[in-house]
Amino acid sequence: MEISKAELASAAAVTGSQTQELMGAEVLVKALQAEGVKYVWGYPGGAVLYIYDAFYKQDTIQHVLVRHEQAAVHAADGYARATGDVGVALVTSGPGLTNAVTGIATAYMDSIPMVIISGQVPTAAIGLDAFQECDTVGITRPIVKHNFLVKDPKDLAMTMKKAFHIARSGRPGPVVVDVPKDVSFKKVSYNGYPDKVEMRSYNPVRKGHGGQIRKALQLLLNAKRPYIYTGGGVLLGNATNELRTLVDMLGYPVTNTLMGLGAYPASDRKFLGMLGMHGTIEANNAMQNCDVLLAVGARFDDRVIGNPKHFAQNERKIIHIDIDPSSISKRVRVDIPIVGDVKDVLSELISMIKESNTKPDAAALSGWWDTIEGWRSKDCLKYDRGNKDVIKPQYVVETLWNMTKDADTYITSDVGQHQMWAAQYYRFDEPRRWINSGGLGTMGVGIPYAMGIKLAKPESEVFCITGEGSVQMCIQELSTCLQYNTPIKICSLNNRYLGMVRQWQEIEYSGRYSHSYMDALPNFVKLAEAYGHVGMLIERPQDVEPALREARKLKDRTVFMDFRTDPTENVFPMVKAGMGITEMLLGSEDL
Ligand SMILES: Cc1cc2nc3c(=O)[nH]c(=O)nc-3n(C[C@H](O)[C@H](O)[C@H](O)COP(=O)(O)OP(=O)(O)OC[C@H]3O[C@@H](n4cnc5c(N)ncnc54)[C@H](O)[C@@H]3O)c2cc1C
Ligand SMILES: Cc1ncc(C[n+]2csc(CCOP(=O)(O)OP(=O)(O)O)c2C)c(N)n1
Ligand SMILES: [Mg+2]
């Protein structure tokens with residue numbers, strides 16, 4: 001549903017002659033229209049009923065009624081990750097907001113631009129333990145980029161303008177706007193949506209310091225064992241083209257974090273795979289042994305560098321490009337910090353390389369590549385591909401990738417072993433195609449992410465790779481998928497275990513499998529059917545490919561594929577807790 005130009009113009013009208021007397025709730029909807037919002041995921045309740053009434057009177061924004069507020073935020077978050085637009089969710093006060101907390105924290109940890117509107121009890125009732133009151137500003141403060149409590153309807157339009165600006169600028173993140181019921185009810189003179197916003201205390205830097213970029217250039221061009229380590233910031237900053245240009249110009253090896261997959265094409269030889277706890281040998285060894293590291297929009301997460309003391313054993317010069325100064329030198333000491341937007345900084349770096357007379361040291365680079373190829377030849381992602389007895393989870397992902405690699409496909413995942421296998425065996429060549437929760441690691445995101453994306457991208461194929469544990473955390477959203485006709489394909493790698501927990505118990509807790517086996521699972525085929533969808537049970541390796549083919553043919557249906565996979569398969573490589581990133585377990589023979 002496109003927003004008409006007339007509607008946008010009326011929402012954004014600024015002249016005094018067009019002053020309208022509107023309820024706060026109507027101003028809020030005008031603000032959303034002026035921001036170009038097309039979808040809002042939400043759930044009603046007493047405190048937001050005026051806002052819902054204002055939604056009823058318009059038809060440019062589609063509201064999606066979810067089945068749980070957590071899923072509203074996840075769906076809007078998935079939409080934001082796939083499109084780059086700000087995702088919007090709407091929840092009521094009290095339990096509506098507390099249900100949304102996991103979704104907000106998930107978006108916050110991965111720096112996703114979102115605006116979450118919550119209802120609040122009337123201003124006069126705040127602090128009186130009113131029905132469905134909770135301290136939204138207090139509860140969400142540590143998990144938002146910013147939050148607002150709107151006390152006067154006159155402030156609503158400007159607050160919304162600020163909320164969207166803060167959410168999408170600088171290091172993106174979720175912003176909560178808490179709207180008391182009387183603020184949404186009272187009338188106010190509306191002169192149009194503000195066309196600019198100024199905040200003295202908030203001015204994110206876009207352009208990197210020229211001198212620092214020049215220093216980085218010298219280091220990079222003189223490197224003997226260079227390495228480019230990129231993360232979610234490249235996707236958030238829409239800088240994949242610049243990254244590709246840079247890597248092609250230099251011919252240096254490159255890796256992505258879990259959050260950065262797709263920032264550089266996985267099928268290119270210069271890509272060494274994901275690094276970190278479940279990264280490849282070549283990606284982790286290059287990280288440890290490089291002499292110059294260019295970190296781009298990546299935050300040296302503990303799952304990436306392993307034991308920091310081990311990481312620090314090898315000397316390397318580090319250049320770090322990040323829009324958030326607080327990300328720099330947070331976990332490792334950096335030699336050349338460059339605060340700025342990745343797109344701007346990489347563009348400037350590329351221009352400087354073009355003008356420079358210095359060229360990368362071809363002989364050193366060729367030796368470095370030989371070393372890397374030696375690591376790569378260990379083929380650390382090999383697995384028992386020919387197994388005819390039991391479905392290997394990796395095989396499901398690899399088959400899906402082979403089948404869909406040339407299609408317009410989005411892959412969401414939940415959290416656990418299946419997430420790691422999806423990251424390792426689905427080779428992402430394009431940005432914003434891999435949608436998962438990395439920082440908070442939130443089980444339950446998979447279905448809501450998929451339905452959020454499918455709404456915005458109805459022509460694309462959207463797959464959710466999940467586990468039988470995670471999928472039950474937001475399974476009620478199968479109902480939303482039917483109501484809003486968002487046909488997604490769910491590939492559940494059902495190992496009957498909270499597999500990632502079982503793996504840790506096997507490796508770190510001497511096989512004491514405390515509460516990681518899931519008995520009494522539902523019949524997922526019947527469950528899918530009960531929700532009005534198609535269910536499939538796949539138990540043999542030879543049935544994997546035909547099942548996926550059949551599911552893809554059912555374009556207009558949501559299909560739940562229950563793949564019974566090897567219950568005790570583990571994710572390798574693996575870096576155990578406290579170990580260095582090159583101290584990897586490569587298979588069960590290492591246990
Ligand atoms: C079960 C499990 C296992 C995991 N295992 C691994 C693993 O093996 N390997 C791995 O990599 N991760 C793994 N993770 C994910 C890990 O927890 C982190 O979420 C991830 O490593 C962080 O990725 P990132 O460094 O790219 O940071 P992000 O969280 O994506 O942060 C992006 C950075 O870019 C910056 N930025 C944002 N916008 C811009 C811009 N426009 N310009 C410049 N900078 C910008 C931000 O300030 C931030 O510092 C795992 C997670 C789970 C749940
Ligand atoms: C909400 C939430 N609770 C607990 C965890 C801890 N946790 C991480 S992975 C995992 C097991 C996931 O099981 P399943 O979805 O079946 O995936 P599998 O690992 O078996 O592929 C658990 C419990 C989490 N990440 N999120
Ligand atoms: Mg499982």
Side-chain angles (χ1 to χ4, degrees), residues 70 102 106 108-113 169-173 204-206 208 229-239 255-261 263 273-280 283-284 295-306 320-328 330-331 338-346 393 413-424 436-446 465-474 492-504 515-518 521 565 567 569-571 573-575 581:
Q70 177 181 344
T102 299
T106 303
Y108 179 66
M109 286 295 280
D110 291 341
S111 306
I112 306 304
S169 59
R171 180 179 186 166
V205 177
R206 285 195 69 85
Y229 148 60
T230 75
V234 177
L235 302 175
L236 294 165
N238 299 313
T255 182
N256 291 160
T257 64
L258 181 76
M259 298 316 295
L261 294 176
M274 180 176 83
L275 85 169
M277 178 175 274
H278 296 295
T280 64
N284 284 4
V296 192
R299 55 184 175 81
F300 292 90
D301 186 82
D302 51 90
R303 298 229 154 183
V304 166
I305 62 160
H320 191 181
I321 304 170
D322 203 294
I323 201 154
D324 180 356
S326 81
S327 261
I328 292 180
K330 188 177 207 159
R331 306 200 68 249
I338 304 174
V339 177
D341 176 57
V342 62
K343 200 177 181 76
D344 285 37
V345 177
L346 288 185
S413 89
D414 266 299
V415 171
Q417 292 180 311
H418 61 273
Q419 177 190 21
M420 293 300 108
W421 287 315
Q424 292 173 328
N436 81 135
S437 160
L440 200 66
T442 308
M443 290 169 71
V445 294
I465 298 177
T466 182
E468 79 297 333
S470 297
V471 81
Q472 293 188 77
M473 287 208 175
C474 277
S492 178
L493 306 183
N494 181 350
N495 50 12
R496 281 77 75 208
Y497 275 108
L498 298 174
M500 188 55 98
V501 173
R502 192 205 55 76
Q503 173 164 349
W504 276 66
H515 303 283
S516 52
Y517 179 67
M518 273 225 170
L521 286 168
T565 56
E569 186 72 26
N570 285 333
V571 181
M574 175 184 179
V575 178
I581 49 165

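In each ligand, atom 1 is the first atom listed, and ligand 1 is the first ligand listed. Since the model is a prediction, treat every value here as computed from it, not as a measurement.
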ask   = What do you reckon, does Ser111 put a non-hydrogen atom under 4.0 Å from ligand 1?
value = no
inquiry  = Between ligand 1 and Asp110, is the shortest N or O to N or O distance under 3.5 Å?
reply    = no
request  = With heavy atoms only and a cut-off of under 4.0 Å, state how Leu236 meets ligand 1: side chain, backbone, both or neither.
outcome  = side chain
query = Got a sec, which residues hit side-chain contact (heavy atoms from CB on, under 4.5 Å) with Leu235, two or more places apart in sequence or on another chain?
reply = Thr240, Ala263, Pro431
query = Any donor-acceptor pair under 3.5 Å linking the side chain of Asn284 with the backbone of Ile581?
reply = yes
key: Distance from atom 28 (P) of ligand 1 to nearest protein heavy atom, with residue and atom   = Arg299 NE, 3.6 Å
ask   = Which ligand 1 atoms does Ser327 reach within 4.0 Å, using its non-hydrogen atoms?
value = 47 (O), 48 (C), 49 (O)
ask   = Quick one: does Ser470's side chain have a donor or acceptor within less than 3.5 Å of a partner on Val415's backbone?
value = yes
Protein contact of atom 33 (C) of ligand 1 - nearest heavy atom, named by residue and atom, plus distance = Gly297 O, 3.4 Å
request  = Kindly indicate whether a cation-pi arrangement holds for Arg331 with Phe300, taking the cut-offs as under 6.0 Å to the six-membered ring centre and within 45° of the axis.
outcome  = no
remark   = Here the atoms of ligand 1 under 4.0 Å from any heavy atom belonging to Asp324 are 47 (O)
key: Atom indices of ligand 1 within 4.0 angstrom of Ala298 heavy atoms, with elements   = 25 (O)
request  = Would you mind listing which atoms of ligand 1 come within a distance below 4.0 Å of any non-hydrogen atom of Gly441?
outcome  = 53 (C)
note = Correct closest heavy-atom pair for Val575 and Gly276 would be CG2-O, 4.0 Å
task = Determine whether Pro573 and Gln424 make a side-chain contact, defined as any pair of heavy atoms from C-beta on separated by less than 4.5 Å.
result = yes
message = So if I count the atoms of ligand 1 from 1 in the order they appear, which ones are less than 4.0 Å from some heavy atom of Gly276?
response = 8 (O), 9 (N)
ask   = Please walk me through it: do Leu440 and Asp110 pass side chain to side chain contact (heavy atoms under 4.5 Å, CB included)?
value = CA-CA 8 Å; Leu440 200 66; Asp110 291 341; over 6 Å; no
task = Could you find the nearest protein heavy atom to atom 30 (O) of ligand 1 and give me its residue, atom name and distance?
result = Gly232 CA, 3.2 Å
message = At less than 4.0 angstrom from any atom of ligand 2, which residues have a non-hydrogen atom? List them by chain and residue number.
response = Val415, Gly416, Gln417, His418, Gly441, Met443, Gly467, Glu468, Gly469, Ser470, Met473, Asn495, Tyr497, Leu498, Gly499, Met500, Val501
inquiry  = I'd like to know whether Met443 forms a side chain to side chain contact (heavy atoms under 4.5 Å, CB included) with Leu498, so could you lay out the CA-CA distance, the side-chain angles of the two residues, the decisive distance to 0.1 Å, and finally the verdict.
reply    = CA-CA 11 Å; Met443 290 169 71; Leu498 298 174; 4.3 Å; yes
inquiry  = Could you identify the single nearest non-hydrogen protein atom to atom 43 (C) of ligand 1 and state the distance to 0.1 Å?
reply    = Ile323 N, 3.3 Å
task = Tell me which protein heavy atom sits closest to atom 20 (C) of ligand 1, plus the residue, atom name and distance to 0.1 Å.
result = Met259 CG, 3.9 Å
request  = Starting from atom 11 (O) of ligand 1, locate the nearest protein heavy atom and write down its residue, its atom name and how far away it is, to 0.1 Å.
outcome  = Leu258 N, 2.9 Å
ask   = Quick one: does Lys343's side chain have a donor or acceptor within less than 3.5 Å of a partner on Asn238's backbone?
value = yes
request  = Say whether Ala423 and ligand 1 are in contact under the criterion: heavy-atom distance to a ligand atom below 4.0 Å.
outcome  = no
query = Which protein non-hydrogen atom lies closest to atom 8 (O) of ligand 1, naming both residue and atom, and how far is it?
reply = His278 N, 2.8 Å
key: the Mg ion (ligand 3) neighbourhood, protein N/O/S only, threshold under 2.8 Å   = Glu468 OE1, Glu468 OE2, Asn495 OD1, Tyr497 O
request  = Using a strict cut-off of 4.0 Å, indicate which atoms of ligand 1 neighbour a heavy atom of Gly340.
outcome  = 42 (N), 43 (C)
inquiry  = I need the Gln419 CD to Ile465 CD1 distance, nearest 0.5 Å.
reply    = 10.5 Å
query = For atom 40 (C) of ligand 1, which of Leu440, Asp341, Leu261 has the closest heavy atom?
reply = Asp341
ask   = Val415 to ligand 1: N or O pair under 3.5 Å?
value = no
ask   = Heavy-atom distance to atom 9 (N) of ligand 1: which of Val575, Ile112, Leu275, Val345 wins?
value = Leu275
task = Could you list the residues that satisfy side-chain contact (heavy atoms from CB on, under 4.5 Å) with Thr102, not counting sequence neighbours?
result = Gln70, Thr106, Thr442
note = For Gly231, the ligand 1 atoms with a heavy-atom partner under 4.0 Å come out as 26 (O)
note = Of all protein heavy atoms, the one nearest atom 16 (C) of ligand 1 is Asp301 OD2, 3.5 Å
task = May I ask you to test the Gln472-Met518 pair for a side-chain heavy-atom distance under 4.5 Å?
result = yes
message = What verdict does the side chain to side chain contact (heavy atoms under 4.5 Å, CB included) test give for Ile323 and Val205, after you've listed the backbone C-alpha separation in whole Å, the side-chain angles of each residue and the deciding distance to 0.1 Å?
response = CA-CA 7 Å; Ile323 201 154; Val205 177; 6.0 Å; no
query = Can you find an N/O atom of Asp322 closer than 3.5 Å to an N/O atom of ligand 1?
reply = yes
ask   = Heavy atoms only: which of Arg303, Met109, Met277, Gln419 is nearest to atom 4 (C) of ligand 1?
value = Arg303
message = For the 3.5 Å polar cut-off, considering only N or O atoms, please tell me whether Gly438 and ligand 1 meet it.
response = yes
ask   = ligand 1 and Val304, any nitrogen or oxygen pair closer than 3.5 angstrom?
value = no
message = Show the atoms of ligand 1 that are less than 4.0 angstrom away from any heavy atom in Gly439.
response = 19 (O)
ask   = Between Val571, Asn494, Leu493, Asn495, which is the residue that forms a side-chain contact (heavy atoms from CB on, under 4.5 Å) with Pro393?
value = Leu493
ask   = Under 4.0 Å from ligand 1, counting heavy atoms only, is it the side chain of Val342, its backbone, both or neither?
value = both
